Amino acid sequence: MPTGFDAYDPACPARLVLEHLTSRWGVLALAALRERTYRFSELRRRVNGVSEKVLAQTLQTLERDGLVLRTAYPEVPPRVEYRLTASGREAAELLSGLVDWVERRMPRIMAEHRRYDARIAAGDGPAPAAAEAGFGATGAGRGAAGTPPR
C-alpha cells in the first residue's frame, strides 16, 4: 500500500523517525518499555550507561513520534511513568527481535572482528568495498589524504 513516503529519499521525514527508532538509546528504551511501564529512574537503571539528559531527550523524541506515553501524576514527590503506545509496542516488538538477534550472534560477530583486525594488522588492507567507500582500517570515513569520502 503506497504511503507517499520514501525512506530512501534524503528529504523524507521517515528518515528522522528511523533515526529515533534505531539510535542505540532509542532501541534499548523501546525494548525495555516492552517489558513493562517504568518510572524514569528505573528505566535509566535498566538502560544502563545512558545519561539522564540523553534518556530524557530520547523519551521526549519517542513521545513526539507517538511511540511512548508519558504520564505525570500530581503527587508529592512527583511521579512520572513511561509506557509504550500501540505503535510503540509494534516498533518495540520489531526492535526486540533485532536486539535478540545481535545478542545471539555476538560470538560470531566478535570472531569476525578478530579475523578482520588480524588481517588489517598483517597489512592486507581493508576489504575492497570499504576501501572504495574511503574507509581505512579504523573505519573513520577518511580517504588516503585525510579527506572525507565522496
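Remember, predicted model here, so these are calculated numbers, not experimental data.
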Q | Within-4.5 Å side-chain heavy-atom neighbours: Arg36 and Arg46 | A | no

Between side-chain atoms of residues 78-86 and protein atoms elsewhere (two or more places apart, or another chain), which donor-acceptor pairs fall under 3.5 Å?
unit_1	atom_1	unit_2	atom_2	d
Arg79	NE	Glu75	OE1	3.2
Arg79	NH1	Glu81	OE2	2.9
Arg79	NH2	Glu75	OE2	3.0
Glu81	OE1	Tyr73	OH	3.2
Tyr82	OH	Arg70	NE	3.4
Thr85	OG1	Gly66	O	2.6
Thr85	OG1	Leu67	O	3.3
Thr85	OG1	Ser87	N	3.4
Thr85	OG1	Gly88	N	3.0

Q) Below 4.5 Å, heavy atoms only, C-beta onward: do Glu93 and Glu90 meet side chain to side chain? A) no

Q. Linking Ile, Leu, Val, Met, Phe, Trp and Tyr by side-chain heavy atoms under 4.5 Å, what else ends up with Ile109?
A. Leu98, Trp101, Val102, Met106, Met110

Please report, to 0.1 Å, the donor-acceptor pairs under 3.5 Å made by any side chain of residues 57-64, with sequence neighbours excluded.
unit_1	atom_1	unit_2	atom_2	d
Thr58	OG1	Val54	O	2.8
Thr61	OG1	Gln57	O	2.9

Contacts under 3.5 angstrom, residues 4-14 side chains, donor-acceptor by atom type, not counting sequence neighbours:
unit_1	atom_1	unit_2	atom_2	d
Asp6	OD1	Tyr8	N	3.0
Asp9	OD1	Ala11	N	2.9

(Q) Could you work out, with side chain to side chain donor-acceptor pair (under 3.5 Å) as the rule, every residue matching Arg108, not counting sequence neighbours? (A) Glu112

Run the side-chain donor-acceptor check on residues 21-32: report pairs under 3.5 Å with partners two or more places apart or on a different chain.
unit_1	atom_1	unit_2	atom_2	d
Thr22	OG1	Leu18	O	2.6
Ser23	OG	His20	O	3.4
Ser23	OG	Gly26	N	2.9

Q: Cation-pi check, Arg44 to Phe40: give yes when NZ or CZ is under 6.0 Å from the six-membered ring centre and within 45° of the ring axis, no otherwise.
A: no

